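Predicted model only: the values in this text are computed from it and were never measured.
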Amino acid sequence: MEIIMSNIQITENGSGKYSPEWFYSESQTPEWISFAHKADELRENFINLFGIERLKSLSGKDLLTSLFYNDEGTKTNLCYRLEMDNDIREVFGSISGGAAYKFGLFYHKKNQSWTCGSPLKPIRLTEDEAIQKAEEMRNDLVEGAEIISSFGPLDSEKDYEQLYKQLEHIPGINMVWRMKYYQMLFPTLFAPFYGQDIQLRVLHFLNQKPSDIPFIRMGQISLYARKCNVPGVVFAHIYGKNVGYTNETNDSDTNTLSDKKHKTHYWMYTVFDDKSWNECQQKGIMVLGMDDIGDYSQFASKEALRQELIDVYDSSTSRKNQALMAWNFANTVSVNDVIFAKRSNTLLGKGIVTGNYVFDDLRQEYKNVRAVKWLQVGEWEHPGNAVAKRLTDITPYTDYIEKLTSIFAPDELDDVDTQPEIDYPAYSSADFLSDVYMNGQDYKTLVNVLKMKKNIILQGAPGVGKTFTAKRLAYSIIGAKNPDRVQMI
């Protein structure tokens with residue numbers, strides 16, 4: 001089929017590197033041809049186990065335990081294969097991380113019950129209730145696959161947009177595990193990039209404007225892979241091997257695992273009330289609500305976060321603003337960013353962010369927390385009308401920032417980019433083993449090899465967690481989660 005790609009172009013060097021012809025040429029080596037065959041075999045086996053016809057044939061407890069993490073200790077269920085199977089992770093990319101709640105249903109071993117909901121609002125189910133929910137989720141998966149299968153050619157971004165209009169009513173359509181499931185079923189239609197950070201990175205590399213919808217972004221990348229005449233999974237690995245994270249892109253929307261030097265952002269933060277503002281000053285923090293959805297960082301995209309807000313609260317509004325605030329609070333706000341605090345039209349203070357996002361479940365309210373060094377507090381009249389949102393990125397408005405900065409004493413703010421003294425949290429080998437799927441003996445071997453050789457090569461597809469693992473290995477050796485002592489070169 002002919003694919004219209006007039007809006008896609010990337011910067012090539014003199015030899016045509018990274019052009020569609022270059023990607024195609026790279027894919028024709030014995031290494032990548034063999035890899036493509038391996039991917040086909042893995043996918044065929046996966047479809048035999050979890051394809052649409054197989055899912056339709058399941059019922060009762062067999063359906064429940066075949067799809068979701070369960071109490072029988074098996075590693076054959078759909079969720080385990082998508083998240084934890086080594087071969088599938090290595091070839092098709094990782095979706096690991098976060099809590100089991102992200103799958104919508106699982107057996108909670110500690111509570112000895114089937115569970116859904118969220119970490120703050122867990123819902124225990126009887127086996128019959130769990131089976132009913134599993135049937136609903138199976139039916140959603142099947143419906144989505146049948147819509148995709150019968151849609152027709154997907155030759156342009158507009159086609160993907162039209163497809164999404166038919167899919168968007170399906171609950172959780174943009175959850176990463178569902179996107180990976182559909183990628184396994186339809187490998188030529190969806191590229192194996194699931195997280196927002198890597199999707200944005202690849203699309204910026206291709207000089208494309210990323211869609212706001214994760215599902216459509218998979219299609220945007222797939223269109224380019226098809227133009228290269230390269231299987232999506234091979235394209236992903238060639239990209240990861242040759243480009244990875246080294247290209248210059250605008251990563252303002254990527255998550256906190258990004259290793260690029262962060263440009264200082266300026267934020268307007270509206271305090272909740274006098275009590276919470278007093279606590280913020282005393283403890284050196286800033287807080288955000290919406291506690292009922294739990295840890296913001298468990299969500300792979302703004303859209304997934306928005307859907308959770310609708311599910312937990314209500315659908316009377318689109319929840320876009322709340323989702324954006326929560327996403328920014330957890331993923332975009334960074335150490336050294338500048339915070340202006342206000343109440344209504346009164347400025348209350350200015351500070352510098354000194355710590356990463358934390359979900360503190362021990363707090364009674366406002367459990368979403370960032371550490372902030374408040375440099376100056378008091379009361380000042382805001383210049384003009386202030387924004388009403390709880391958290392707003394005002395970085396693009398340089399004139400506005402100059403007006404705000406001029407209000408505060410300059411000797412307090414001579415150099416906002418100077419890193420304040422930070423008490424970084426301790427990080428041990430036990431923390432590493434909790435964060436990374438590795439046993440204790442392998443961890444000891446890794447540390448010893450690194451100390452002796454000073455060099456380790458981590459190999460894997462984009463998104464499988466190489467940077468995540470490398471950082472935490474360094475933190476465990478340092479003894480503290482201190483990003484100032486870890487650098488990407």
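No hydrogens or angles considered: nothing links the side chains of H204 and Q199 as a donor-acceptor pair under 3.5 Å. With no hydrogens or angles considered, no side-chain donor-acceptor pair links Q322 and Y313 at under 3.5 Å. A side-chain donor from one of D393 and H265 sits under 3.5 Å from a side-chain acceptor of the other.
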Working for side chain to side chain contact (heavy atoms under 4.5 Å, CB included), residues F272 and V287: CA-CA 9 Å; F272 287 89; V287 297; 4.3 Å; yes
ring-ring contact (aromatic ring centres under 6.0 Å, His included) between Y107 and Y69, worked out: CA-CA 6 Å; Y107 188 84; Y69 284 109; over 10 Å; no
K61 and E72: CA distance, side-chain angles, deciding distance, salt bridge (charged side-chain N to carboxylate O under 4.0 Å, His left out) verdict: CA-CA 11 Å; K61 189 172 182 181; E72 298 182 356; 3.7 Å; yes
Trace of the ring-ring contact (aromatic ring centres under 6.0 Å, His included) decision for Y239 with F23: CA-CA 9 Å; Y239 169 87; F23 273 104; 7.6 Å; no
Side chain to side chain contact (heavy atoms under 4.5 Å, CB included) evaluation trace for F46 with D85: CA-CA 11 Å; F46 178 86; D85 183 270; over 6 Å; no
Test salt bridge (charged side-chain N to carboxylate O under 4.0 Å, His left out) applied to K102 and E308, step by step: CA-CA 10 Å; K102 69 185 179 184; E308 182 70 7; over 6 Å; no
I293 vs L309, side chain to side chain contact (heavy atoms under 4.5 Å, CB included): CA-CA, chis, key distance, verdict: CA-CA 7 Å; I293 66 170; L309 284 166; 3.8 Å; yes
Working for ring-ring contact (aromatic ring centres under 6.0 Å, His included), residues Y475 and F432: CA-CA 8 Å; Y475 294 152; F432 176 88; over 10 Å; no
ring-ring contact (aromatic ring centres under 6.0 Å, His included) evaluation trace for Y80 with F68: CA-CA 8 Å; Y80 180 90; F68 301 102; over 10 Å; no
Residue pair N174, Y194: steps toward the side-chain hydrogen bond (donor to acceptor under 3.5 Å, both in side chains) verdict: CA-CA 9 Å; N174 284 299; Y194 316 108; over 6 Å; no
Side chain to side chain contact (heavy atoms under 4.5 Å, CB included) between V233 and V91, worked out: CA-CA 7 Å; V233 69; V91 174; 3.8 Å; yes
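A donor-acceptor pair under 3.5 Å is formed between the side chain of T115 and the backbone N or O of S113. Between the side chain of D159 and the main chain of S156, a donor-acceptor pair closer than 3.5 Å is present. Listed for the S476 side chain is a donor-acceptor partner under 3.5 Å among the backbone atoms of L473. Judged by distance alone, with hydrogens and angles left aside, the side-chain atoms of S59 form no donor-acceptor pair with the main-chain N or O of S57 at under 3.5 Å. A distance-only check finds no donor-acceptor pair linking the side chain of S149 to the backbone of A145 [under 3.5 Å]. Put simply, the side chain of Y296 never gets that close to the backbone of V358: no donor and acceptor are under 3.5 Å apart. A side-chain donor-acceptor contact under 3.5 Å links N242 to the backbone of I238. Looking at K367, its side chain never comes within 3.5 Å of a backbone N or O of Q364 through a donor-acceptor pair. At distances below 3.5 Å, at least one donor-acceptor pair connects side-chain atoms of N368 with backbone N or O atoms of G289. Within the 3.5 Å criterion, the main-chain N or O of K209 finds a donor-acceptor partner in the side chain of Q220.
Between the CG atom of L167 and the CD1 atom of I147 there is a distance of 5.0 Å, given to the nearest 0.5 Å. The CG atom of L223 sits 5.0 Å away from the OH atom of Y160 when rounded to the nearest 0.5 Å. In this structure, CG on L78 lies 11.0 Å from CD on E83, to the nearest 0.5 angstrom. Taking OG of S222 as the reference point, atom CZ of F186 lies at 12.5 Å (rounded to 0.5 Å). Rounding to the nearest 0.5 Å places CG of L288 at 11.0 Å from CZ of R370. If you take CD1 on I95 and CD1 on I88, they are separated by 10.0 Å, rounding to the nearest 0.5 Å.
Heavy-atom minimum distance, F92 versus P192: O-CB, 3.8 Å. Of all heavy-atom pairs between L67 and L58, the closest is CD1-CD1, 4.1 Å. Here the shortest heavy-atom pairing between Y101 and P122 reads OH-CB, 3.3 Å. When all heavy atoms of Y182 and G144 are compared, the closest pair comes out as OH-CA, 3.3 Å. Taking each heavy atom of I173 and F215 in turn, the nearest pair found is O-CD1, 3.9 Å. The minimum heavy-atom distance linking V234 with A36 is given by the pair CG2-CB, 3.9 Å.
No more than 12 heavy atoms of other residues, nucleotides or ligands lie within 6.0 Å of OH in Y24, so this atom counts as exposed by the packing criterion. Residue E44 places its CD atom among 12 or fewer non-hydrogen atoms of other residues, nucleotides or ligands, all under 6.0 Å distant. Open room surrounds CG on D212; 12 or fewer heavy atoms of other groups in view lie less than 6.0 Å from it. Surrounding NZ of K38 are more than 12 heavy atoms belonging to other residues, nucleotides or ligands, all under 6.0 Å away. In the displayed structure, H37 atom NE2 is contacted under 6.0 Å by at most 12 heavy atoms of other residues, nucleotides or ligands.
Among residues two or more places apart in sequence or in another chain, the salt bridge (charged side-chain N to carboxylate O under 4.0 Å, His left out) test is passed with K444 by none.
Residues R306 and E303 are paired through a salt bridge, judged by an N-O separation under 4.0 Å between the basic side chain and the carboxylate. K56 has a carboxylate O that lies under 4.0 Å from a charged side-chain N of E146, or vice versa, which qualifies the two as a salt bridge. Using a 4.0 Å cut-off between a side-chain N of Lys or Arg and a carboxylate O of Asp or Glu, R138 and E143 do not qualify as a salt bridge. D40 and R43 are joined by a salt bridge, as a carboxylate oxygen and a charged side-chain nitrogen come within less than 4.0 angstrom of each other.
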Sequence neighbours excluded and cut-off under 3.5 Å, please list the side-chain donor-acceptor pairs for residues 128-137, or say none.
unit_1, atom_1, unit_2, atom_2, d
E129, OE1, T126, N, 2.9
E129, OE1, T126, OG1, 3.4

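In this structure, R217 fails the cation-pi test against F193, since its NZ or CZ atom is not both closer than 6.0 Å to the six-membered ring centre and inside 45 degrees of the ring normal.
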